[in-house]
Amino acid sequence: KIITLADKTKIHCISTLEAQMLDIHISGYLNDNNIIINNGDTIVDIGANIGLFGHRLLQRYKDIKIIAVEPIQNIFEVLQENVKLSENNNYKIFPYGVSNKNESKEIVYYPNSTPMSTFNSELWNNNQLLLAFKGTMNNAPKMWWWAKFVPTFFYPMIIYWLKRGSKNIICELKTLSYIIEKNSLKKIDLLKIDCEGNELKVLNGIDDIHWPLIKQIVL
């Protein structure tokens, strides 16, 4: 479905609330003065989800190249639609994840909370989820005016719903060095990694010869 974000930007999404929260997270990257982005840069987005990071970048910088990957088919299909909205031929997407080797691996997909989807499901025990959910509610965007009225004793029930209907899906994984060579990348001005516990494996999948190409990492 298409929703309208706070600044009137239209975006395809699976869940309205998810898209709003993802947009808050993305603004944290874009408003961080330590992260430097210029026209002409090459950005690699590992764990693109529905593509909000790339979409927001292209609103600010018209002459950049984006390589984005998302391994879960349901999410990737939404990402495809958002790439169409961007109307930019330099926004390239691929339907796989990134790790320390090229392989196929099982991921746990949570349809009710897609950013929770992970190769490391043991990370999401109920205590960890409760902490994460409390943090989300305590730092809710202004449009979530109703968040302060949700009693904390409801949180476990909401978490149960978020985890409900989880599916084990086999996803294809590639190394970042594979992506660099496949796309003939001469530089990566910003490497953004947000892949729910697989971040270290992404770094371990970078060959020594390719490290000098990377200028910045946000992880």
Side-chain angles (χ1 to χ4, degrees), residues 1-33 35 37-39 41 43-95 109-118 129 132-150 154-155 157-159 161-167 190 192-196 218:
K1 60 184 176 182
I2 292 185
I3 66 160
T4 303
L5 297 170
D7 66 344
K8 308 304 181 187
T9 293
K10 293 188 181 300
I11 202 86
H12 291 270
C13 69
I14 294 173
S15 160
T16 299
L17 296 181
E18 269 182 27
Q20 291 169 344
M21 184 52 72
L22 285 170
D23 202 34
I24 295 294
H25 291 170
I26 296 310
S27 69
Y29 298 139
L30 297 178
N31 296 324
D32 189 329
N33 293 327
I35 299 172
I37 302 171
N38 297 298
N39 282 315
D41 281 355
I43 316 293
V44 175
D45 184 359
I46 308 298
N49 201 273
I50 62 172
L52 262 172
F53 186 51
H55 203 79
R56 289 303 195 188
L57 282 172
L58 289 168
Q59 287 180 324
R60 296 190 181 198
Y61 311 96
K62 300 303 180 186
D63 183 29
I64 60 172
K65 180 177 183 178
I66 300 173
I67 305 291
V69 300
E70 172 53 50
I72 299 173
Q73 184 62 30
N74 286 9
I75 305 174
F76 184 79
E77 289 172 1
V78 181
L79 172 60
Q80 283 181 308
E81 295 304 313
N82 285 328
V83 170
K84 291 176 186 176
L85 282 181
S86 73
E87 298 181 341
N88 191 306
N89 293 329
N90 286 323
Y91 193 173
K92 307 293 185 183
I93 58 173
F94 300 96
Y109 170 54
Y110 295 96
N112 295 332
S113 183
T114 64
M116 282 172 45
S117 303
T118 178
L129 270 176
F133 189 73
K134 283 180 178 177
T136 296
M137 296 300 276
N138 289 337
N139 298 279
K142 291 180 181 179
M143 65 196 73
W144 291 14
W145 56 267
W146 44 265
K148 60 184 176 183
F149 298 110
V150 179
F154 276 4
Y155 289 4
M157 288 180 278
I158 296 172
I159 289 169
W161 179 81
L162 291 176
K163 294 178 71 175
R164 188 177 178 187
S166 65
K167 302 175 182 177
L190 177 64
K192 173 246 177 188
I193 312 173
D194 185 1
C195 50
E196 298 298 350
V218 57

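Since the model is a prediction, treat every value here as computed from it, not as a measurement.
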Please answer whether the main-chain N or O of [Y] pairs with a side-chain N or O of [X] as donor and acceptor at a distance below 3.5 Å.
{"X": "S27", "Y": "I24", "answer": "yes"}
{"X": "N49", "Y": "G51", "answer": "no"}
{"X": "D63", "Y": "N39", "answer": "no"}
{"X": "K84", "Y": "Q80", "answer": "no"}
{"X": "D41", "Y": "N38", "answer": "yes"}
{"X": "K134", "Y": "L129", "answer": "no"}
{"X": "N82", "Y": "I50", "answer": "yes"}
{"X": "D23", "Y": "L5", "answer": "no"}
{"X": "E70", "Y": "I72", "answer": "yes"}

Check salt bridge (charged side-chain N to carboxylate O under 4.0 Å, His left out) between [X] and all other residues, then give those that pass, not counting sequence neighbours.
{"X": "D32", "answer": "none"}
{"X": "D194", "answer": "none"}
{"X": "E77", "answer": "none"}
{"X": "K10", "answer": "none"}

Partners meeting ring pair (Phe, Tyr, Trp, His ring centres under 6.0 Å) with [X] (sequence neighbours left out):
{"X": "W161", "result": "none"}
{"X": "W146", "result": "W144"}
{"X": "Y110", "result": "none"}
{"X": "F53", "result": "Y29"}

For a 4.5 angstrom cut-off between non-hydrogen side-chain atoms, does [X] reach [Y]?
{"X": "L58", "Y": "I64", "value": "yes"}
{"X": "I11", "Y": "I2", "value": "no"}
{"X": "N74", "Y": "P111", "value": "no"}

Problem set entry | Residues D45, I67; criterion side-chain contact (heavy atoms from CB on, under 4.5 Å); working and verdict | CA-CA 6 Å; D45 184 359; I67 305 291; over 6 Å; no
For this session: Walk me through it: do F94 and K92 pass the test side-chain contact (heavy atoms from CB on, under 4.5 Å)?
Result: CA-CA 7 Å; F94 300 96; K92 307 293 185 183; 4.1 Å; yes
For [X], which residues count as a side chain to side chain contact (heavy atoms under 4.5 Å, CB included) partner, sequence neighbours excluded?
{"X": "N89", "value": "none"}
{"X": "P95", "value": "F76"}
{"X": "N33", "value": "none"}

Exercise. Under the side-chain contact (heavy atoms from CB on, under 4.5 Å) criterion, do R164 and N112 qualify, and how do the steps go?
Worked result: CA-CA 7 Å; R164 188 177 178 187; N112 295 332; 4.1 Å; yes
Problem set entry | Pair D7-R56, salt bridge (charged side-chain N to carboxylate O under 4.0 Å, His left out): steps then yes or no | CA-CA 11 Å; D7 66 344; R56 289 303 195 188; 2.7 Å; yes
Nearest-0.5 Å distance that lies between atom [atom1] in [X] and atom [atom2] in [Y]:
{"X": "S113", "Y": "I159", "atom1": "OG", "atom2": "CD1", "result": "10.0 Å"}
{"X": "C195", "Y": "I46", "atom1": "SG", "atom2": "CD1", "result": "7.5 Å"}
{"X": "I158", "Y": "F133", "atom1": "CD1", "atom2": "CZ", "result": "4.0 Å"}
{"X": "N90", "Y": "I43", "atom1": "CG", "atom2": "CD1", "result": "12.0 Å"}

Problem set entry | Considering all heavy atoms, the nearest Y109-S117 contact | CD1-OG, 3.3 Å
Exercise. With sequence neighbours excluded, what pairs up with S15 under the side-chain hydrogen bond (donor to acceptor under 3.5 Å, both in side chains) test?
Worked result: none
For this session: Show your working on side-chain contact (heavy atoms from CB on, under 4.5 Å) between H25 and L52 and close with a plain yes or no.
Result: CA-CA 10 Å; H25 291 170; L52 262 172; over 6 Å; no
